[in-house]
Amino acid sequence: MAYRDTDILIIGAGNAGCYAAIEAKRQNPDLKVTLMEKAHIDRSGCLAGGMDAINTYIKPNESVESLVRWSRAQAGGILREDLTLSMAALLNQAVEEWEAWGLPIKKDEDEEYLARGRWDITIRGSEMKVILAEKVREYGCEVLNRVVTTNYLLSGGRVIGAMGFGVRDGKFYVVRAGATIIATGGAAGLYKPYTNDGVDSHHQLWYSPFNVGTGYAMGIRTGAEMTSFEMRWCAVRTKDFNGPIDTISVGYKTPMINAKGEKILSERYAHLGGDAAPRYIRANAPMEEWLAGRGPVYVDTRHMKPEHVRDLKTDYLNERPSFVLFLAARGQDITQEPIEVYGSDPYIVGGHTMSGYWVDQNRATTLPGLFACGDVCGGVPNKFVGGCAAEGLLAARGAVGYLSSSGERDHVDEGQLTAEVERVFAPMFRQTREGDGVAPREMEERMQRLMDEYAGGVHQFYRMNRERLEYAKKHLSLLKEQTKYLIARDLHELMEAHEVIDRLDVAEVLVHHLLFREETRWPGWQNRVDFPGVDEKLDCFVNSRRDPGTGEILVFTRPYEQIVPGDRTKP
Amino acid sequence: MPAGIGVYLCRCFGRISEKVDLERLKSKVVKWKGVSEVRVLTALCRPGDLASVVEDINAGRVDRLVIGACSPAIHPESFDLLPVSGLAADLVERCNLREQCALAHPGDQAGATTQALSLLKLGVARLKAASGSVTPEAAQWNRRVLVVGGGIAGLAAAGNLARGGVEVVVVEKRPWLGGRVAQLHRYYPRGCAPRCGLAVQIERLLQSGRVSVHTLAQVADVHGTAGNFQVNIRQYPRLVGQECTGCGRCEAVCPVVTDISKGLPGWRKAVLSPAGAVYPQAFAIDGQACRGPACGRCVEICPAGAIDLEKKEEKSFNIDVAAIVIATGTAPYDVATLERYGYGRLSGVLTSMDLEFLASPNGPTGGRLIRPADGRPARRGAFIQCAGSRDDKHLRYCSGICCPVTLKQTRYIRDAYPDAEVTVFYMDMRVTGHLEAMYRQVMEEGTVFIRGNPLGVARNEATDDLEVAAADTLSGRRVLVRADLVVLAAGLVPEPIADSYRLVKDGFGFVPGHLPCSPTEGRRAGIFVAGSAQGPMDAGGAIQSALAASAECLALLDQRSALRPLLDKTKCDRCKRCLEECPYGAITLDRDGYPEPNGTACRGCGVCQGGCPLRCICLPGFSSREVAACLEGPSPGGEEVRVMAFLCANDAYRALDGTVYPVNVLPVAVPCAGAVNMGWINDALLNGWDGVIVAGCRPDECHYGRGSELAASRMAKLQETLRSMQVEAERVRVLTCGIGEGGSLAAAMADFVRRLAEMGPSPFKEC
Amino acid sequence: MPPRVKTEKCDGCRAQKETLCVLICPGDLMVLDPASGKAYCRSERDCWDCMSCVKSCPHGAIETRLPYQLGYYPAKLIPLVGSNKISWTVMDIHGNVERFTFKTRNDD
């Protein structure tokens, strides 16, 4: 057992987690700050391959209010305005700091950030995560690489740290902390991606396949209040490769067209903004075209000048370099052959939509002692990289503030540790004792197909109805019971076992949310074919909480609170 | 204005100023940030001009200098301004504007001036990044040294170190000190007994009060680096305690007789006698051969009760030492492999060492030269030189001592039998120096020398003589010599030295050292090799080698060194490649697993910085910022071919001095080819340089052992990457040369530039 | 079929416990084979092709390929990593070569 005491524990050393760590040290250099990271901080999380743009930077001619109005409209009129305002206030600072630390940002002739879109600036982010990780070390934070966090450490309903295991050293880790920040990102791999077959492309996802929703799951298990899981992030992405396209089609003005050459968005969705329509429209549009027999669907790159093609490829090389390899492996000249697009598998990610922990302005969750930031934190859609960084700053301030008011450290209950050791290593014990059971991969594939077919996956064009969702709910419950049969033959497989356990917890809550919101507010993100219209009564937040004792999931609403005036569906 | 960098350009009485436009340089350099003073002087080596530099320093106008003058190889001491101005050496940068600039590009003043500007830029950048805080550190070690091997070399080294005030631990695998020399009957050429010299050595040791001796002990494991070795020693049971009075009754009753060599039974028992050994004068029992308490005759008979056959446990203990001297010596070659000579098969065929023992009063016959098997007087002796030496199938080298040994031994026979018939079969008599006289005398004494490698030794069934058949190459006749004893002059093979020391051995297992740089340091900082472990040598040579090793060791213990690579822990991933590749074992790990360079073991080769994939360890002068300044490339799209050349300071850089080489090449001195990081080359290419050269010594001549070899293998991998990127792999090259081969280096550079011009500009230039 | 280790170039980072690619892979997918002293990918279908391993290898011994589901053979994408710049060379299946060089870090 590897036991540690620290002041601030940050679970997840991705973008948000790193900013939280640095900010905590800046607030008080004497604090001990520890990060638990299941991979290696230099390349963990969504920024492993880099990033080519910051999509939330407030230009001089914009304001935090105009950001709220735009983001609100993109989200079908619902978001936490208070949280969005506090995040927006720190957006520019986070980005400018990154540049000072070494991140190259494209400038115009006046040495201002070159505007690529309304809120978007171009960066050369190939090594941005390494730059951030170095800063974390420079500030003297303790980084525990290759430690998979499995559950919170609790004392009388308060979160006082976390437990986990080392995926390289096999040790059981216990970190007791004065304040804890969860920053594990969103959840991918709940649904089956469409290029996946038995041989390859299992992880051909847009989102990081190694972000499995552990942070959500830990909160769910402990009874934290979650919000808006039904607002799934289904995105239009490059076909087959499942890679980013949004920022590029915006940045290089490539309209979406179908097989007939019709400009779908500007023709069919002009009333919703045409090519600037909300992103759920952009996700749904290609699927509608395919269903209607007018597919394939493309973003029309044929008019692009050679230097723009080079710029586009340079952008991709900074974010998902293998997309350039993809084009090369098809011998595709995009000025002759436009880039085909399709919907992605659904993700639960609080950085793009607003699924995640329900928090207050200090980013405190409903569990005392626990703060959240980044994709795991809910209520603020359209955060993207910049917003998650800003939220890291906020959560750190919240945590440091909490620390100063909290008293003596709690004693750690041995029983809790023993129970968690049993739970964590159960698949390995089972392998040693019985030598027979269910491999994590098998269970994951079963879950992914279940979700895809019954909970509105990409093969179902995101469509769902009550009957299917109930079926999904039932079988998820069965799968959860079956997790006791999981086996793990080595530590890597043990990590896979916990990934599927955590995903099941998230999927279960997701299905409850999908059942509850009986409307189709965001076609594409949630298509309730049995409730195709918008229900005014659901112009609010759908939240949930799981009872840690009974396992029962309670779903309820919370009213909307408008701060920035104006029509919420218009930017 | 705060003190800044002073740039001093030397006209060198016109030699530089006629070829390089110094005034133009001055006009550019004076605008550079951080430069507070630029002067053009007639000759910086003249006291007057130098005084004005010192004046600038003392007046607080400059706090670091760029000297743009002749090659750093010239007047190295002139710019040691520490005594007069307090300016440390690392705050003075010498830019080679004469040998490698003004004189190297005749007829191209513009080109030479541009190159000079680049060289100055590099010098200034280095100074900007220099911290000036590299102060020499005295070694803070315990003054304890381990000597492995208690033979003549080990004793000489230990004694000398002890007299130098060092605490010495001697570990010897046999029960007694003295090694092979203790087994010798006589020394050549004086014929005196080794025992007296050995006794003197050992007395010196013991009287110093600083030496502890462990016999029947061997080194089991070694960790650490110079100044801080942790050694684990395993000691085998002697089975005879300190109470032993040396009476010898145990030996007399011991029933176990062991062969020490085939054909010579009866020479050893399980009870081992110290006869002939000088220290300690106590018996020992060969635990393998002994029958144990079941027999117990020695236990019963011992009057002092010193024998305990039950006490069979091995002891293990650890010591911390600052340095290790390995004096493990050699053993005679196994001549039984020479089937035709019948060693082990035919009675009366001996090795030289066997004969020493036979002739010794402590031997099986009390010193009488008779054939042990049948007691026949050994009146007729035949010596076969080069038995298994200088032979592709056996030992390829000459051990150098077998000829004088044989000459000495002919006298053993002659002393025993005035009418002895002694024949020596030889290929070449190698008796150097003053020993030539001994050769002549032995010939005059009547020994017959036949030049021919014998075809075989056989036993005559009828007479029981040994017969040596050979072809006398001088007379052309076949000869057959009858002998009572045939002595094979066997060569020496090194006793095995454990791999855990990680010493660089030659192809035969010796550790020859690297002349002239470190004659006895085994290319592992802090580990010295003394005696015949270095190479075959006689006792005299062994003593001299041991004294050399102890001198090098004492120098290490008192070393004050300013050299230490710098590590950026925030970037380090603890991959430990630097530790593995360091030729000197100068890097160990700290508690957290980060590399900890040992300043006094560090030789400054830079192999660590060359191999680090994250470029987080580097020698002073080679930080990222300083290297980046070198590489601040030509502007993208520039027409001219630009080549960056990293030249090893020992050979290649000096070789280039005074040659005419292409002005397209910018030479940068590095400690060793192995100090060049491939990341620098990546950066050079990415910044538009058309080609990069790494020039160093040939791999087997590398001053630092493996630097050149590493440079070559790293380069080969980079070339493969370039090829897979459809970039010409010939844009990056490793060149090798010796210090006198500047001409061919310059020619190779010219050829390289020509090839690059043919290839066209670097493909990274247009991006 | 990502990623491929060229065994003739891989030296297992001198066969210490973790090679650099093992150290960095966000998916814990690279493994050092103690028998050969070289690295390999334990499950290619789980690779996200972030190319962290490719960038981290000091010898350029790792090459990312795409699954055949996605692209034809033999396209290549090879980076040359500098301290503040990177250059990517792309070769498509028709043999066309393109190069992209850009800054990855601001100068100090």
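Order of the sequence lines sets the chain letters (A, B, ...), proteins ahead of strands, with each chain counted from 1.
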Which atoms of [X] approach chain B - backbone, side chain, both or neither, heavy atom under 4.5 Å:
X      : value
I86(C) : backbone
K76(C) : side chain
L80(C) : both

Does the salt bridge (charged side-chain N to carboxylate O under 4.0 Å, His left out) test come out yes or no for D11(C) and R577(B), once each step is laid out? CA-CA 10 Å; D11(C) 66 359; R577(B) 180 181 285 271; 2.8 Å; yes

Which bit of S624(B) is near chain C, if near means a heavy-atom gap under 4.5 Å: side chain, backbone, both or neither? neither

Can you tell me which residue among P583(B), P671(B), C582(B) is in a side-chain contact (heavy atoms from CB on, under 4.5 Å) with C605(B)? P583(B)

Less than 4.0 Å between a side-chain N and a carboxylate O, is that true for R755(B) and E758(B)? yes

Check whether more than 12 heavy atoms from other residues, nucleotides or ligands sit under 6.0 Å from atom CG of D499(B), and answer yes or no. no

Selection from H59(C), K6(C), K85(C) maximising heavy-atom pairs under 4.5 Å formed with chain B: H59(C)

Does the structure place the NZ or CZ of R4(C) under 6.0 Å from the centre of the six-membered ring of Y40(C), at an angle of no more than 45° from the ring's axis? no

Among residues 672-682 of chain B, which residues come closer than 4.5 Å to chain C, judged by heavy atom distances? N682(B)

Determine whether L23(C) and S56(C) make a side-chain contact, defined as any pair of heavy atoms from C-beta on separated by less than 4.5 Å. no

Kindly say whether R99(C) contributes a backbone atom to a donor-acceptor pair with the side chain of W88(C) at under 3.5 angstrom? no

Which heavy-atom pair separates L631(B) from A684(B) by the least distance, and what is that distance? CD2-CB, 3.7 Å

